[in-house]
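Single-structure report; data block below.
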Amino acid sequence: METLSFCIVFFKVTYYTNTKKAIKWSRRLLGFSGVWPLEIRDSLFLPFLFYGCVYSFLGLLDLIEYIKDIRYAMTNVMENMLVVMTMTKFGVCRMKYRSLSRFLTETDDDYIVDNYKTKEERLIFTKYNKFSYIFVMTAFPAMTFLTLLYYFKNVIPNVLKVMANSSLEYKLPYKIKPLLKPYDVKSYIFGCIHEFFRVVIILSAYIGTDCLLASTGFHLTGQLAILRIRVRDVLNDADEVYYNSVLRKLDGLFTSRIFINNTVRLLADILEDSFNIVIGQHLFGTTIQLCISCYQMLSSLAVLEGVGILTFVIYVSILSGTLFTYCYIGECLIEESTSLCEALYHCGWYELSTIEMKSICICMMRARKPLQLTCLKFCVVSLRTFTDIVKSSMAYLSVLRTFM
């Protein structure tokens with residue numbers, strides 16, 4: 001019997017520990033570049049920032065120099081836009097670290113097992129946090145494989161060509177103006193090491209920020225869904241002491257941690273304020289990246305370049321998957337916050353006293369405006385945004401193929 005109890009407790013602890021792995025991965029990735037909100041390290045942040053700014057400037061110089069070569073310019077834009085997007089996410093995490101740290105601190109207790117009394121609450125909590133874990137465990141390995149594949153796809157063939165014919169010049173992996181033009185093995189190795197830091201900063205800052213948004217966004221959505229269940233269970237209690245206990249239950253619910261100072265809405269506002277710039281530049285950048293990547297994929301397919309096809313298929317998949325995750329989080333927030341309002345409306349509020357009805361009315365007024373993520377505060381992010389971005393990218397691709 002003791003063994004069985006131990007196994008049940010161990011299973012429950014492991015069950016809930018797994019739901020926090022997405023946050024732990026975000027902490028590791030962002031902590032590597034010094035911008036984890038709860039542990040800012042400027043000794044790491046400033047060198048990464050300096051490198052990213054210098055790299056972007058060198059990429060711009062290279063683009064200006066070869067602007068007449070359209071294919072080269074497109075490759076330059078595709079490569080260096082990813083770095084610009086990374087630096088934007090990187091900088092926003094540093095600027096918004098106070099609000100993000102508040103969000104993480106406020107939601108830290110949500111991972112305690114005893115907070116969830118019913119099986120339905122536990123299932124909802126696990127469901128939404130599992131979404132973020134799946135995203136992290138998919139995006140990070142995929143982007144790691146892609147960045148390394150793209151890097152060595154350019155390095156290895158060039159080295160083999162130079163070894164076969166010493167008169168050929170060394171070509172660095174990425175389209176930027178080199179700090180030191182490679183003329184021998186040592187200078188080429190220096191250039192490759194310098195450009196390899198691009199891989200590091202993308203994996204840390206770019207993927208780390210995406211993982212943080214997925215973790216916090218899905219977690220908040222899960223808490224909204226759990227709140228809806230609690231409202232339904234409390235207000236629809238039909239036992240014989242209902243009329244004597246409902247006021248006590250309502251008071252307990254509306255003065256709980258979730259409703260104090262309208263905490264859920266406050267957390268949603270923090271999330272939206274912290275990430276609306278990130279979402280805006282990501283949607284804009286993804287539109288262009290999808291267009292150019294699909295064109296590069298079709299070009300590789302035309303000449304049957306296997307490595308190129310694989311590279312751009314993976315890249316398009318990552319871009320589409322990340323874009324869908326952003327939009328799905330926005331859709332879930334809208335849906336769950338709307339469902340909360342409906343749960344309040346469909347309860348037996350008309351059988352309550354005037355004071356209790358006023359309490360319900362206040363909560364309904366708060367829940368009437370859906371919680372949402374926005375793109376630079378101009379438009380609401382939802383699944384419709386995903387289809388609009390994909391359609392725009394394909395339209396640009398069609399125009400590009402016509403002129404090329």
Side-chain angles (χ1 to χ4, degrees), residues 14-40 86 89-90 92-94 96-113 115-116 122-144 202-227 263-264 266-279 282 318 321-333 335-337 371-373 381:
T14 306
Y15 190 66
Y16 282 89
T17 301
N18 288 337
T19 61
K20 207 172 182 179
K21 282 186 176 179
I23 289 287
K24 290 180 178 178
W25 272 100
S26 302
R27 177 174 58 81
R28 290 169 186 166
L29 293 173
L30 292 176
F32 188 82
S33 52
V35 291
W36 175 242
L38 296 175
E39 189 182 356
I40 295 295
T86 300
K89 294 180 179 183
F90 186 58
V92 169
C93 279
R94 178 61 180 83
K96 300 290 185 179
Y97 82 94
R98 287 189 178 87
S99 56
L100 287 172
S101 61
R102 181 180 180 183
F103 184 101
L104 294 170
T105 303
E106 288 284 339
T107 57
D108 188 57
D109 290 340
D110 294 338
Y111 294 93
I112 298 175
V113 180
N115 287 342
Y116 308 101
R122 292 192 290 269
L123 287 174
I124 290 174
F125 171 76
T126 308
K127 168 190 169 184
Y128 281 104
N129 284 276
K130 189 176 181 180
F131 286 159
S132 60
Y133 180 68
I134 291 172
F135 173 78
V136 172
M137 291 294 101
T138 303
F140 177 66
M143 185 59 89
T144 302
I202 286 173
L203 294 180
S204 175
Y206 185 91
I207 295 297
T209 306
D210 289 343
C211 292
L212 180 61
L213 175 58
S215 302
T216 52
F218 279 123
H219 179 77
L220 180 61
T221 305
Q223 293 304 304
L224 272 172
I226 291 170
L227 178 58
T263 306
V264 172
L266 176 62
L267 293 177
D269 290 341
I270 290 174
L271 196 68
E272 196 279 330
D273 180 66
S274 300
F275 286 110
N276 71 84
I277 297 176
V278 171
I279 293 172
H282 187 85
I318 292 173
T322 305
L323 176 63
F324 179 80
T325 301
Y326 275 47
C327 296
Y328 185 65
I329 291 172
E331 184 76 21
C332 288
L333 275 175
E335 182 179 342
E336 291 296 345
S337 57
L371 303 180
Q372 56 197 18
L373 297 178
V381 176

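Note that OG1 of Thr209 is 7.0 Å distant from CZ of Phe275, once rounded to the nearest 0.5 Å. Remark: Leu333 CG to Glu272 CD distance equals 10.5 Å, nearest 0.5 Å. We find the OG-CG distance between Ser99 and Asp269 to be 11.0 Å, quoted to the nearest 0.5 Å. Note that the CG atom of Leu104 and the CD1 atom of Ile23 stand 5.5 Å from one another [nearest 0.5 Å]. In this structure, His282 NE2 and Tyr206 OH are separated by 4.5 Å, a value rounded to the nearest 0.5 Å. Atoms CZ and CG, from Arg102 and Leu38 in turn, are 13.5 Å apart once rounded to the nearest 0.5 Å.
With contacts defined as side-chain heavy-atom distances shorter than 4.5 Å, the pair Ser26/Trp36 qualifies. Between Phe218 and Asn129 there is no side-chain heavy-atom pair separated by less than 4.5 Å. A 4.5 Å side-chain heavy-atom check between Tyr116 and Ile124 finds every atom pair outside the cut-off. Using a 4.5 Å cut-off on side-chain heavy atoms (C-beta onward), Phe103 and Ser274 make no contact. Contact annotation: the side chain of Thr107 never approaches that of Leu220 to less than 4.5 Å [non-hydrogen atoms, C-beta and beyond]. Side-chain contact between Val136 and Leu29 is absent, with no heavy atoms from C-beta onward closer than 4.5 Å. In this structure, Phe32 and Ser204 have side chains that are in contact, with non-hydrogen atoms separated by less than 4.5 Å.
Considering every non-hydrogen atom in both Thr86 and Ala205, the closest pair reads CG2-CB, 3.7 Å. Residues Ala22 and Ser215 approach most closely at CB-OG, 3.4 Å, considering heavy atoms. A pairwise comparison of heavy atoms in Ile329 and Leu213 identifies CD1-O, 3.9 Å as the closest pair. The two residues Thr221 and Cys332 make their nearest non-hydrogen contact at CG2-CB, 3.4 Å.
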Which is it for Leu373 and Asn276 under the side-chain contact (heavy atoms from CB on, under 4.5 Å) test, yes or no, and what are the steps along the way?
CA-CA 7 Å; Leu373 297 178; Asn276 71 84; over 6 Å; no
Run the side-chain contact (heavy atoms from CB on, under 4.5 Å) test on Thr322 and Phe135 for me, step by step, so that the C-alpha distance in whole Å, both residues' side-chain angles and the decisive distance to 0.1 Å come before the verdict.
CA-CA 8 Å; Thr322 305; Phe135 173 78; 4.2 Å; yes
What's the verdict on side-chain contact (heavy atoms from CB on, under 4.5 Å) for Leu212 and Leu100, showing C-alpha distance, side-chain angles and the deciding distance?
CA-CA 10 Å; Leu212 180 61; Leu100 287 172; 4.2 Å; yes
Salt bridge (charged side-chain N to carboxylate O under 4.0 Å, His left out), that's the test. Do Asp108 and Lys20 meet it? Break it down for me.
CA-CA 10 Å; Asp108 188 57; Lys20 207 172 182 179; 2.8 Å; yes
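The aromatic rings of His219 and Phe125 lie perpendicular to each other, with more than 60° between the two planes, well past the 30° mark. Ring-plane geometry between Phe131 and Tyr128 is classed as perpendicular, the angle between the planes exceeding 60 degrees on a 0 to 90 degree scale with a lower cut at 30.
Atom CZ of Arg98 is surrounded by 12 or fewer heavy atoms from other residues, nucleotides or ligands within 6.0 Å.
Scored by the side chain to side chain donor-acceptor pair (under 3.5 Å) test, Asp273 finds Lys96 as partners (sequence neighbours excluded). Among residues two or more places apart in sequence or in another chain, the salt bridge (charged side-chain N to carboxylate O under 4.0 Å, His left out) test is passed with Arg94 by Asp42.
In summary, of the residues considered (Ile226, Leu227, Leu224), a side chain to side chain contact (heavy atoms under 4.5 Å, CB included) with Glu336 occurs for Leu224 alone.
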